[in-house]
Enquirer: 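Quick one: the structure is below, and I'll ask about it shortly.
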Amino acid sequence: MTDAAPLHMTKIAFSATSVADLRAWLEGHGEGDALMTTRYLPKRHEEMVGGSLYWIYEHTLIGRSPIRRFTQRDDGRWHIHLEPVLIPVMPRPKRAHQGWRYLSAADAPADLDGETAGEAMPAGLVRDLSRLGLM
């Protein structure tokens, strides 16, 4: 039996004022986990450990943070433990949504490496091109 690819999720970077702001928040946790809070535990949470949370900023998938685990808080809500890093991905248009949504490994955008990072378009440009039907 082969292991299936991990399942991912998407979430809007709601309070981030820029990609740099999101990166600073994540990296500000140092070696500890960056914690996202959700009201309900995803039904497929076991498939998501080892996957990533893909961040949406300005209607564009811009980066991901690996998911370490899920733990329940005292008030019944859940923490999503993330590695405190923002890994840039090839920008892809993504409509806004409330909460989180599943994202299969096959549908996830590729990571940007050092060589392709300069080729990435700004999130606003990706959004505008998408609105024009050019992406």
Side-chain angles (χ1 to χ4, degrees):
M1 181 173 169
T2 60
D3 290 337
L7 186 63
H8 308 293
M9 66 191 313
T10 62
K11 178 146 181 43
I12 295 173
F14 178 70
S15 62
T17 58
S18 66
V19 175
D21 184 41
L22 174 60
R23 176 175 276 112
W25 177 79
L26 286 162
E27 293 175 355
H29 291 86
E31 295 296 315
D33 294 344
L35 301 177
M36 290 295 308
T37 303
T38 185
R39 179 176 281 165
Y40 302 107
L41 179 67
K43 290 183 188 330
R44 300 175 67 184
H45 68 279
E46 291 174 346
E47 297 174 64
M48 297 170 73
V49 173
S52 291
L53 186 149
Y54 281 77
W55 295 100
I56 301 169
Y57 180 74
E58 292 188 350
H59 303 280
T60 305
L61 290 174
I62 51 94
R64 67 181 182 88
S65 300
I67 299 171
R68 291 181 169 166
R69 67 184 172 281
F70 295 82
T71 58
Q72 192 166 25
R73 298 179 356 166
D74 291 339
D75 65 0
R77 292 179 180 257
W78 290 86
H79 275 143
I80 303 169
H81 295 253
L82 304 171
E83 286 186 29
V85 63
L86 180 63
I87 300 167
V89 299
M90 288 298 291
R92 179 179 298 164
K94 182 71 173 169
R95 291 188 337 156
H97 56 73
Q98 289 186 332
W100 43 262
R101 298 287 183 270
Y102 295 119
L103 178 68
S104 71
D107 293 331
D111 289 353
L112 288 175
D113 58 23
E115 294 177 16
T116 58
E119 298 172 15
M121 289 185 274
L125 181 57
V126 171
R127 180 193 64 234
D128 293 344
L129 290 173
S130 177
R131 284 182 184 161
L132 294 170
L134 299 173
M135 276 201 86

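What's counted below: heavy atoms across the whole structure, side chains too, no hydrogens, waters or symmetry copies.
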Enquirer: What do you reckon, is CD of E27 surrounded by more than 12 foreign heavy atoms closer than 6.0 Å?
Expert: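 Count over threshold, so yes.
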Enquirer: Return the minimal non-hydrogen interatomic distance between P84 and G32, and the atom names on each side.
Expert: CG-O, 3.2 Å
Enquirer: According to a hydrophobic-cluster definition based on side-chain heavy atoms being under 4.5 Å apart (Ile, Leu, Val, Met, Phe, Trp, Tyr only), do V49 and M9 belong together?
Expert: yes
Enquirer: Does R23 reach the side chain of P88, with side-chain heavy atoms less than 4.5 Å apart?
Expert: yes
Enquirer: Please list, chain by chain and in numerical order, all residues satisfying ring-ring contact (aromatic ring centres under 6.0 Å, His included) with W100, sequence neighbours excluded.
Expert: Y102
Enquirer: State whether the side chain of D107 and the backbone N or O of L103 hold a donor-acceptor pair below 3.5 Å, judged by distance alone.
Expert: no
Enquirer: Taking the side chain as every heavy atom from C-beta outward, state whether L82 and D33 have any atom pair closer than 4.5 Å.
Expert: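 No - every pair of side-chain heavy atoms lies 4.5 Å or more apart.
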Enquirer: Counting distance only, does the side-chain N/O of R64 pair as donor-acceptor with the main-chain N or O of L61 below 3.5 Å?
Expert: no
Enquirer: Of all residues at least two apart in sequence or in a different chain, which pass the side-chain contact (heavy atoms from CB on, under 4.5 Å) check with A106?
Expert: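 For A106, the residues satisfying side-chain contact (heavy atoms from CB on, under 4.5 Å) (neighbours in sequence not counted) are S104.
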Enquirer: Rounded to the nearest 0.5 Å, what separates atom OG in S65 from atom NZ in K11?
Expert: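 Reported to 0.5 Å precision, the distance equals 12.5 Å.
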Enquirer: Are side-chain heavy atoms of R68 and E83 found at a separation under 4.5 Å?
Expert: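 Yes, their side chains come closer than 4.5 Å.
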Enquirer: Are H59 and K94 close enough that some pair of their side-chain heavy atoms sits under 4.5 Å apart?
Expert: no
Enquirer: Do you know the tightest heavy-atom contact between Y40 and W78?
Expert: C-CD1, 3.9 Å
Enquirer: More than 12 heavy atoms of other residues, nucleotides or ligands under 6.0 Å from CD of Q72: is that the case?
Expert: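 Atom CD in Q72 is packed in, count exceeds 12.
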Enquirer: Which of these, L26, V19, T60, sits in a side-chain contact (heavy atoms from CB on, under 4.5 Å) with W55?
Expert: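 Output: one option passes, namely L26.
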Enquirer: Tell me, please, which residues at least two apart from D75 pass side-chain contact (heavy atoms from CB on, under 4.5 Å).
Expert: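 side-chain contact (heavy atoms from CB on, under 4.5 Å) list for D75, sorted by chain: R73, R77.
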Enquirer: At their closest point, which heavy atom of P109 faces which heavy atom of V89, and how far apart are they?
Expert: CG-CG2, 3.8 Å
Enquirer: Any non-hydrogen side-chain atom of P42 less than 4.5 Å from a side-chain atom of F70?
Expert: yes
Enquirer: Just to verify, what does H29 make a ring-ring contact (aromatic ring centres under 6.0 Å, His included) with, not counting sequence neighbours?
Expert: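 H29 satisfies ring-ring contact (aromatic ring centres under 6.0 Å, His included) with W25 once adjacent residues are dropped.
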Enquirer: If the condition is side-chain contact (heavy atoms from CB on, under 4.5 Å), which residues does A105 pass it with, not counting sequence neighbours?
Expert: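 By the side-chain contact (heavy atoms from CB on, under 4.5 Å) rule, A105 matches A5, H8.
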Enquirer: For the residue pair P66 and S52, what are the closest heavy atoms and their distance?
Expert: CA-OG, 3.6 Å
Enquirer: For L22, does its backbone N or O pair with a side-chain atom of Y57 as donor and acceptor, under 3.5 Å?
Expert: no
Enquirer: Nearest 0.5 angstrom please: H79 NE2 to L41 CG, how far?
Expert: 13.0 Å
Enquirer: Walk me through it: do H81 and L35 pass the test side chain to side chain contact (heavy atoms under 4.5 Å, CB included)?
Expert: CA-CA 5 Å; H81 295 253; L35 301 177; 3.3 Å; yes
Enquirer: Taking side chain as C-beta onward, heavy atoms only, is L112 less than 4.5 Å from M90?
Expert: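 Yes; the side chains approach each other to less than 4.5 Å.
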Enquirer: Nearest 0.5 Å please: distance from the CE atom of M48 over to the NZ atom of K43.
Expert: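 Rounded to the nearest 0.5 Å, the CE-NZ separation comes to 13.0 Å.
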Enquirer: Side chains of H97 and T10: any donor to acceptor distance under 3.5 Å?
Expert: yes
Enquirer: What's the separation between atom CD1 in I12 and atom CD in E58, rounded to the nearest 0.5 Å?
Expert: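 Taking CD1 in I12 and CD in E58, the distance rounds to 12.0 Å.
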Enquirer: Hydrophobic side-chain clustering at under 4.5 Å (ILVMFWY, transitive links): who's grouped with V85? Put none if nobody.
Expert: I87
